[in-house]
Amino acid sequence: MPRVFPEHRPRRLRGTAALRRLVSETTLRPRQLILPMFVAEGADAPRPIGSMPGVVQHSRDSLRKAAVEAVRAGVGGLMIFGVPSERDAVGSGATDEQGILNVALRDLRAELGDDTVLMADTCLDEFTDHGHCGVVDASGAVDNDATLERYAEMALAQASAGAHLLGPSGMMDGQVGVIRRALDDAGYSDIGILAYSAKYASAFYGPFREAVDSQLKGDRKTYQQDPGNAREALREVELDIAEGADTVMIKPALSYLDVLREVAEMSPVPVAAYNISGEYAMVEAAAANGWLDRQRTVLEVLTSIRRAGADMILTYWAAEAARWLD
Ligand code: PBG
């Protein structure tokens, strides 16, 4: 029997908690977490979302309270989604000053000022009666350039309502450039853009569709990316940066960690990843069955997204995880 005498003993650095802490490569801090929140028009109390246990459609009032608590817990920012009570073909509620998202942004900016980074989903899908992220032409196809005009109007409504960062998530070509120009022309050159640059046509958005009462019948494959394509993501990121994106985002996160890593290596601007509704629902469902240790799993998921290269993570666990990490 040859003597077992390995020269390299990585286990030496794993022997105590203090050693492991000393050599830990990846940080996970509350400020790196962004909490997505839903606010429903006309709601007088929070409404549970069945496929996202623990997440609700807020009333204006409960949104304000939950936002203050999340900020107190140390999260880096809030991403707000509106759920209107009425929808139409062009998503009028998105640009109406009295539309739920704009009203909620005003509430939150009044409540929180500059204590957090207030972000808004700059997309029409919550507000259209066909559920697409843009306006559709006579044949039912999503019209890229007509949609851009709506996004520019939406950006101005959100900027005047108090958002610090706008999150165009519709994957229309040219959306970042058009929004940047509209903001600058209207005197909002300080408002930044968190671009959903590489957003895939993913089955993992399922629970989100329930969260915003989505009216979508078909799919988003003509504007969101094919899950098999990685090179295309780099191209999307390059275009968004050239058009003026202040940060870029990869979405979903867990099935696209390779894309996230590649983008993190080439991006000159901060990189976000969206740990989306389906990723949340999978862990919650397994944990509820006793199949996974919930807290350990959540922290491992978030740590892995950081390790892959995300500077910040949008996650429905943001406030809770921030408290654990405090
Ligand atoms: C579009 C948008 C979606 C999500 C964020 N912004 C849905 C979609 O593209 O179908 C999904 C977020 C999630 O699943 O958690 N406004």
Side-chain angles (χ1 to χ4, degrees), residues 33-40 49-57 77-84 87 91 93-95 99-101 104 119-135 142 147 150-151 154-155 158 163 165-172 175 179 193-227 236 248-256 272-285 298 301-302 305 310 312-318:
L33 306 176
I34 298 165
L35 180 66
M37 305 179 88
F38 304 100
V39 56
I49 299 163
S51 52
M52 300 179 73
V55 180
V56 299
Q57 291 182 346
L78 308 171
M79 170 64 80
I80 314 301
F81 294 89
V83 185
R87 299 174 168 86
T95 44
I100 183 60
L101 180 52
M119 309 174 200
D121 187 51
T122 310
C123 191
L124 291 173
D125 64 312
E126 291 95 352
F127 297 93
T128 53
D129 55 12
H130 44 71
H132 276 297
C133 293
V135 295
V142 174
T147 299
R150 294 288 295 136
Y151 285 178
M154 191 173 183
Q158 295 178 339
L165 285 181
L166 306 189
S169 64
M171 291 298 282
M172 295 301 129
Q175 63 186 13
I179 289 172
I193 300 177
L194 169 65
Y196 287 60
S197 302
K199 180 172 174 183
Y200 287 87
S202 174
F204 290 97
Y205 302 141
F208 177 93
R209 305 267 163 93
E210 182 194 349
V212 298
D213 301 340
S214 173
Q215 306 297 305
L216 187 70
K217 298 283 188 305
D219 59 52
R220 305 198 194 287
K221 290 180 184 170
T222 70
Y223 41 106
Q224 297 179 345
Q225 285 181 244
D226 183 329
E236 287 279 8
V248 293
M249 198 204 292
I250 308 307
K251 181 183 173 184
L254 292 182
S255 304
Y256 301 87
Y274 201 142
N275 174 215
I276 62 158
S277 59
E279 298 170 353
Y280 175 88
M282 283 195 297
V283 173
E284 290 293 335
V298 169
V301 162
L302 298 176
I305 297 170
M312 46 201 165
I313 305 171
L314 287 89
T315 174
Y316 300 97
W317 290 302

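Since this is a predicted model, take the numbers as computed values, not measurements. In each ligand, atom 1 is the first atom listed, and ligand 1 is the first ligand listed. Values reported hereafter were calculated over all heavy atoms of this structure, with side chains retained and with hydrogens, waters and symmetry mates removed.
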| task | Check each of Tyr205, Tyr316, Tyr223, Phe204 against atom 15 (O) of ligand 1 and report the one with the nearest heavy atom. | result | Tyr316
| field | The one among Arg220, Met171, Glu210, Lys199 that brings a heavy atom closest to atom 1 (C) of ligand 1 | value | Lys199
State the atoms of ligand 1, each with its element, that fall below the 4.0 Å cut-off from a heavy-atom position in [X].
X      : result
Asp125 : 1 (C), 16 (N)
Asp121 : 6 (N), 16 (N)
Phe81  : 5 (C), 6 (N)

Just let me know how [X] lines up against ligand 1, side chain, backbone, both or neither, with a heavy-atom cut-off below 4.0 Å.
X      : answer
Ile276 : both
Tyr280 : neither
Cys123 : side chain
Leu216 : neither

| query | Should we count CZ of Phe204 as having more than 12 external heavy atoms under 6.0 Å? | reply | no
Name the closest protein heavy atom to [atom], giving the residue it belongs to and the distance to 0.1 Å.
atom                    : result
atom 14 (O) of ligand 1 : Ser277 OG, 2.7 Å
atom 12 (C) of ligand 1 : Phe208 CD1, 3.2 Å
atom 5 (C) of ligand 1  : Lys251 NZ, 2.4 Å

| What are the two closest heavy atoms between Ile276 and Ser202, and how far apart are they? | CD1-OG, 4.4 Å
| Option passing side chain to side chain contact (heavy atoms under 4.5 Å, CB included) with Tyr274 (candidates Lys199, Met249, Glu279, Met312) | Met249
| said: Is there a polar contact between ligand 1 and Arg209, counting only N or O atoms under 3.5 Å apart? | reply: yes
| request: Return the set of residues passing side-chain contact (heavy atoms from CB on, under 4.5 Å) with Ala310 (not counting sequence neighbours), or none when no residue passes. | output: Leu260, Ala273, Ile305, Ile313
| field | Tyr280, Tyr316, Phe81 screened by ring pair (Phe, Tyr, Trp, His ring centres under 6.0 Å) with Phe208, the one that passes | value | Phe81
